Trainee: 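Structure in structure tokens, see below.
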Protein chains: 2
Amino acid sequence: MNSKKIKTTTPEARKKIILNFLKDNESVTVQEIVNDCNASEITIRRDLAELEEKGLLIRTHGGAIRNTAAENLFTFNSKMNQNKENKEYICKIASRFIEDNDIIFIDCGSTLSFLSKFISKKESLTVITNSLPIISELINFSNIKLIIIGGEVVNERKAVYGHSAERTIGQYHANKAFIGADGISLAKGLTSYDEKEASITLKMAENADEVFLLCDSTKIEKNSFVTFAPYSILNCVITDNDLDLKYISKYQKNNVSLIHE
Amino acid sequence: MNSKKIKTTTPEARKKIILNFLKDNESVTVQEIVNDCNASEITIRRDLAELEEKGLLIRTHGGAIRNTAAENLFTFNSKMNQNKENKEYICKIASRFIEDNDIIFIDCGSTLSFLSKFISKKESLTVITNSLPIISELINFSNIKLIIIGGEVVNERKAVYGHSAERTIGQYHANKAFIGADGISLAKGLTSYDEKEASITLKMAENADEVFLLCDSTKIEKNSFVTFAPYSILNCVITDNDLDLKYISKYQKNNVSLIHE
DNA sequence: TCACTTACGAACAAATTTAATCATTAATTT
DNA sequence: AAATTAATGATTAAATTTGTTCGTAAGTGA
């Protein structure tokens, strides 16, 4: 029996360690990685060179810094995990409104990206979206017909935007649209931080029979920068349990049902 | 040796051990599994190959890493590594024809997906594609304007197809198109196994000033199922070094340059 | 600026991992 | 029990990864 020394890292595992480290830290030195990975400097430098090649970090003298644009290919990172439970909760409620054979729009955004988790079990569904995380989650399910909206890919949002995208949406019609917003109020309607995003969201709403707004309770009766639609386009707002209950009747009077459980 | 060796693991039990280990750890080495399972390296490697085939993990040199959905969704696996060197070689040559500020179409297919490796260094570029692996490789690079063609997402090919996609391509015009095919001959022109794929390829070629066909030498003077374009739409065929040189002059006489180095 | 230190990468050589082939063993079917 | 099939391991050559050396480049402080 020849006892072999057991290596605990492979090249790819090292790279994962490096990238994971950079998720928590702004920068890393070659020495730090050498210690963590039990490999020589030159090996680490070669790893860093490869990772830079792929755009996953930026090399510096003595180490590397995070490439803020990259972090994780098709998942949001920090924003994604903020309020994760609430977002999942909201999406779970939303999934109750999805029926077999529905054709649905799914907007992009960190809240909406949890929706894919709950809809992969439906028997048959057509999903039209501009969100790459959604595509990536649903692509393996043969029961879902997936349609991606074409246009310019925006890295920061992992989604497709632009005139071409907006025009494309008009070619489709869906039963239901599941959209996001940065604020909603009876006074100003739906508002957003970003104009591009607002245009896409509006187009989806316009081309669907029923419109569901998914947003956490902190956004209710709050206004953001760009006003892009009146609240009347909505059939339903789905939010979390922290909702101030006084809003429910107010919204009901304006024909919008506010659902939180 | 007179003591009977007692087997403690079956193939399925080993695989369970491997997968369970990867639930708790980011990565695993072949040696670690060998120790845990009392099997030889080759057996473990065969296990890992099977598990990778099923998409349950990702093999690396020396072991395997966990398969988190988003990381490999948009990459081909088995077909990708067939003939890898030739495909890279072809793409490297092709990249010489790409200049700064070009607007280029990139077709989908395992050969073409290596092209992204070589074009991320260009200063400024617009890439229009229906290939999700290409999108996933280029999304991090701010020097590249990325446009995805909308339509139905086909999991098997990790790409976008359909009438809507074909129509969309007509909205764009590119300097150069880099396309693939399953066969090319002077008699039949460009041929493909798949009709949907052929239509997309043809549209790209029609909407570009220059057309480059990237295909390995085994496809030269071979015919496949669907004839979709005459060879005259091509400006250039880029192939590998195993090319039979007699074809070069023949193709040149028909105004197609056949490049292999 | 200069000297000084540290980091870097190319080239080579060593070590490790891998795939391919073949022979052996175990399990299953006939 | 014989034949067939599946699983395993040993051996080899090839491919990949790694570390060492050494000359060059980059940052640092006086």
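Keep in mind it's a predicted model, so treat the numbers as computed, not measured. In what follows, every chain begins at residue 1, and chains take the letters A, B, ... in the order their sequences are listed.
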Trainee: In terms of the nearest nucleotide of DNA chain D, which residue is placed more toward the 5' end: A/E41 or B/R46?
Mentor: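 Looking at DNA chain D, the more 5' nearest nucleotide goes with B/R46.
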Trainee: Using 0.5 Å steps for rounding, measure from the CG atom of B/L146 to the CD1 atom of B/I139.
Mentor: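 Answer rounded to 0.5 Å: 7.0 Å.
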Trainee: Heavy atoms under 4.0 Å, any strand shown: does A/T29 hit a base, just sugar-phosphate, or nothing?
Mentor: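 If one applies the 4.0 Å heavy-atom cut-off, A/T29 turns out to touch nothing in the nucleic acid.
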Trainee: Tell me: CD of B/Q31 to C1' of C/dT16, nearest whole Å?
Mentor: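 Atom CD in B/Q31 sits about 10 Å away from atom C1' in C/dT16.
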Trainee: The side chain of A/R45 lies closest to which of these nucleotides: C/dA7, D/dT18, C/dT18?
Mentor: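 The listed nucleotide nearest to A/R45's side chain is C/dA7.
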Trainee: Given C/dT17, D/dG19, C/dA19, which nucleotide is nearest the side-chain atoms of A/A39?
Mentor: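 Output: D/dG19.
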Trainee: Report yes if the distance between the aromatic ring centroids of B/Y193 and B/F225 is under 6.0 Å, otherwise no.
Mentor: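 Ring-ring flag for B/Y193/B/F225: false, centres at least 6.0 Å apart.
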Trainee: Taking CG from A/N38 and C1' from D/dT18, how many angstroms apart are they, rounded to a whole number?
Mentor: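 Roughly 12 Å, once rounded to whole Å.
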Trainee: Side-chain N or O of A/R14 versus OP1/OP2 of D/dT18: is the shortest distance under 4.0 Å?
Mentor: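 Answer yes for this pair, as a side-chain N or O of A/R14 is under 4.0 Å from OP1 or OP2.
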Trainee: Using a strict 4.0 Å threshold on nitrogen-to-oxygen distance, state whether A/R45 and A/E41 make a salt bridge.
Mentor: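 So A/R45 pairs with A/E41 through a salt bridge.
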Trainee: Can you tell me the distance, in whole Å, between the CD1 atom of A/I33 and the C1' atom of D/dG19?
Mentor: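 Whole-Å distance recorded here is 17 Å.
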Trainee: Nearest whole Å is fine: how far is D/dT16 P from A/E12 CD?
Mentor: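 Going from CD in A/E12 over to P in D/dT16 covers 13 Å.
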Trainee: Measuring from the side chain of B/I42 (C-beta onward, heavy atoms only), which nucleotide among D/dG9, C/dC8, D/dG19 has the closest atom?
Mentor: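 For B/I42, the side-chain atoms sit closest to D/dG9.
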Trainee: Using heavy-atom distances to pick each residue's nearest nucleotide on DNA chain D, tell me which of B/T43 and A/P11 is more 5'.
Mentor: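 That would be B/T43.
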Trainee: Quick one: label A/T60 by what it contacts on the DNA or RNA (base, sugar-phosphate, nothing), any heavy atom closer than 4.0 Å.
Mentor: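 A/T60: backbone/sugar contact only, no base atoms under 4.0 Å.
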Trainee: Rounded to the nearest angstrom, tell me the gap between atom CD in A/E50 and atom P in D/dT16.
Mentor: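 After rounding, the gap between these two atoms is 12 Å.
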Trainee: Is A/K122 salt-bridged to A/D100, going by a charged N under 4.0 Å from an acidic O?
Mentor: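 No, this pair does not count.
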Trainee: Return the value, rounded to whole Å, for the distance between atom NE2 of B/H61 and atom C1' of D/dA15.
Mentor: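 Between C1' of D/dA15 and NE2 of B/H61: 7 Å.
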Trainee: Hey, is the side chain of B/R59 poking within less than 4.0 Å of OP1 or OP2 on C/dA19, counting only N and O atoms?
Mentor: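 So the side chain of B/R59 is within the cut-off, an N or O lying under 4.0 Å from OP1 or OP2 of C/dA19.
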Trainee: Could you list the residues that satisfy ring-ring contact (aromatic ring centres under 6.0 Å, His included) with B/F105, not counting sequence neighbours?
Mentor: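 Checked B/F105 against ring-ring contact (aromatic ring centres under 6.0 Å, His included); zero matches.
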